[in-house]
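Below is one structure, written out as structure tokens; the observations come after it.
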Amino acid sequence: MSAFDSFPLGQPAFVTNVLDRAAHLRRDDEKLFAMEQKPSSRAYVIYRDSLLVKRDGERVRALLSIDEALNCGANPGTIFLGLRDGAAVFGMGLSQAAAEKLVGREDYTVTELRGMAMQGAILPDELSAVAMAKSMVSWHQRHGYCANCGTRSAMKEGGWKRECPACKAEHFPRTDPVVIMLVASGDKCLLGRQKQFPPGMYSCLAGFVEAAETIEDAVRREIFEESGIRCTDVEYYMTQPWPYPSSLMIGCSARALNEDIVVDHTELEDARWVTRDEAALMLTRTHPDGLAGPHPFAIAHHLLGRWLRDKSGA
């Protein structure tokens, strides 16, 4: 199965959630503990931007039993992600020391999540749960102390809250909103590239929504700051959870009011107008100059694909 088959138009990675979050169970510590002990319970084990998987022949399995996770050195603290077909699914973290002990093993391996997702090694309908596990594990690892008084805080409500024993402050997982937009001017669209992109790759421009800012204003501001292009007619398309570390990509389109690009080189290496024909070649990675568009794994690919589809009248 190719990446185009795994992520058809309108279905990027991390958007298909098959879990029942079952939030009503988060405050029932006794019930959660009992579910951890059940043989049917499973866990996704996270190490930084990677995932612990079990090799089953030529395939890998990301959903592990609790015993498998613990035997590989996963931290005992679990985060309740929800239920799948009635069975509990948890998120667990893995320390650097535990990850290093797995190096060279043939049965288990720690593999970078993005690469596995892009290659189709993990089924698309699992990726949303994996993203939830990664975001939550990362949040706990980075927010172990109370931001109010500095005391070590404790995990509560199945991992969906941290509570300070000293000042009683409550801390909740955060999601950072990011606008990502396809800006068009007639039969051309605006694409940019950052220095860390693979050679020849261009994508949609993006940036964080700031405090007290609307989505529409964030789109207009980010486009102008990065490329000098003024735009209008901002329209929402779809969102994509993005667990790096915990963002929500808000896909939008907009219409450009000018075409003279002024690149902010602190943000972008380059920005250019791309014709519809060029964009189509970039998405299929057949551009004669070796230019490429974003992978179907990412919402940017779907913003560009939707623009091409709508322009073609398909």
Side-chain angles (χ1 to χ4, degrees), residues 14 17-38 40-52 62-70 72-84 86-99 113 127-178 208-212 239 241-249:
F14 309 126
N17 190 0
V18 296
L19 294 185
D20 171 4
R21 292 181 180 241
H24 63 285
L25 296 175
R26 294 174 185 170
R27 295 185 180 182
D28 192 336
D29 291 340
E30 185 176 335
K31 178 73 171 178
L32 291 178
F33 180 76
M35 287 194 296
E36 282 185 35
Q37 313 310 311
K38 288 187 175 182
S40 60
S41 294
R42 295 291 182 266
Y44 292 108
V45 180
I46 305 297
Y47 174 64
R48 297 181 180 174
D49 286 341
S50 297
L51 185 65
L52 173 64
L63 198 55
L64 308 179
S65 71
I66 302 297
D67 283 345
E68 286 176 323
L70 292 174
C72 288
N75 300 329
T78 60
I79 300 162
F80 177 61
L81 304 179
L83 304 173
R84 181 166 188 177
V89 180
F90 296 90
M92 303 175 74
L94 193 70
S95 68
Q96 180 176 343
L113 170 60
L127 290 175
S128 178
V130 173
M132 196 191 316
K134 183 182 179 306
S135 292
M136 294 294 290
V137 167
S138 297
W139 179 74
H140 282 287
Q141 291 174 341
R142 291 180 290 112
H143 294 82
Y145 294 85
C146 176
N148 188 51
C149 73
T151 302
R152 179 77 180 180
S153 58
M155 186 186 294
K156 299 288 184 179
E157 296 188 12
W160 289 88
K161 181 174 81 171
R162 294 192 72 90
E163 187 176 278
C164 177
C167 70
K168 306 304 179 184
E170 296 178 328
H171 306 278
F172 298 91
R174 61 180 290 169
T175 296
D176 300 315
V178 178
F208 288 99
V209 180
E210 295 186 346
T239 57
W242 192 250
Y244 298 97
S246 188
S247 295
L248 181 66
M249 309 299 292

**Message:** Assess the residue pair Leu83 and Val89 against the criterion (side chain to side chain contact (heavy atoms under 4.5 Å, CB included)); give the C-alpha distance rounded to whole Å, side-chain angles, the decisive distance to 0.1 Å, and a yes or no.
**Reply:** CA-CA 6 Å; Leu83 304 173; Val89 180; over 6 Å; no
**Asked** Heavy-atom count around Gln37 CD within 6.0 Å, excluding the residue itself: above 12?
**Response** yes
**Prompt:** Hey, what do you get for CZ (Phe14) to NZ (Lys134), rounding to the nearest 0.5 Å?
**Reply:** 8.5 Å
**Item:** For Tyr47 against Leu94, the heavy-atom pair lying closest together
**Value:** CD1-O, 3.2 Å
**Nearest non-hydrogen partners of Val45 and Leu64, listed with the distance** = CG2-CD1, 4.2 Å
**Check: Phe80 and Leu25 side chains under 4.5 Å, non-hydrogen atoms** = yes
**Request:** State, with a plain yes or no, whether a side-chain heavy atom of Leu19 is found less than 4.5 Å away from one of Arg84.
**Result:** yes
**Asked** Has Lys31 got more than 12 heavy atoms of other residues, nucleotides or ligands less than 6.0 Å from its NZ?
**Response** no
**Complete:** CG of Leu248 to OG1 of Thr175, rounded to nearest 0.5 Å, is 7.0 Å
**Request:** Using modelled atom types only, decide if a donor and an acceptor are shared between the side chain of Asp20 and the backbone of Ala22 within a distance under 3.5 Å.
**Result:** yes
**Item:** Whether over 12 other heavy atoms sit under 6.0 Å from Arg152 CZ
**Value:** yes
**Request:** Quick one: pull up CE in Met132 and CG in Asn17 and give me the separation to the nearest 0.5 Å.
**Result:** 4.5 Å
**Item:** N/O donor-acceptor pair under 3.5 Å between Thr151 side chain and Cys146 backbone
**Value:** no
**Asked** Does the side chain of Pro173 come within less than 4.5 Å of Ser246's, by heavy atoms?
**Response** no
**Asked** Distance-only, no hydrogens or angles: does the Ser247 side chain make a donor-acceptor pair with backbone N or O of Pro177 under 3.5 Å?
**Response** no
**Prompt:** Which atom names give the shortest non-hydrogen contact between Pro165 and Ser153, and what distance separates them?
**Reply:** CD-CA, 4.2 Å
**Message:** Going by the rule salt bridge (Lys or Arg N to Asp or Glu O under 4.0 Å), which residues pair with Lys156 if we only count those two or more places apart in sequence or in a different chain?
**Reply:** none
**Request:** Say whether, by atom type as modelled, one donor and one acceptor occur between the side chain of Trp160 and the main chain of Arg27 under 3.5 angstrom.
**Result:** no
**Fill in**
In terms of heavy-atom contacts, Cys72 and Leu52 come closest through CB-CD2, 3.7 Å
**Asked** Say you draw a straight line from OG of Ser135 to CD1 of Ile79; how long is it, rounded to the nearest 0.5 Å?
**Response** 10.0 Å
**Fill in**
For Arg48, the salt bridge (Lys or Arg N to Asp or Glu O under 4.0 Å) test, sequence neighbours excluded, returns none
**Prompt:** For the residue pair Leu81 and Ala133, what are the closest heavy atoms and their distance?
**Reply:** CD1-CB, 3.8 Å
**Fill in**
When every non-hydrogen atom of Gly158 is compared with those of Leu32, the smallest separation belongs to CA-CD1, 3.7 Å
**Message:** To the nearest 0.5 Å, what is the distance between CD on Glu163 and NZ on Lys168?
**Reply:** 6.5 Å
**Asked** Is the count of non-hydrogen atoms from other residues, nucleotides or ligands lying under 6.0 Å from Tyr244 atom OH greater than 12?
**Response** yes
**Prompt:** Is there side-chain contact between His171 and His143, with heavy atoms separated by less than 4.5 Å?
**Reply:** no
**Prompt:** For the atom pair CZ (Phe33) and CD (Glu30), what is the distance rounded to the nearest 0.5 Å?
**Reply:** 10.0 Å
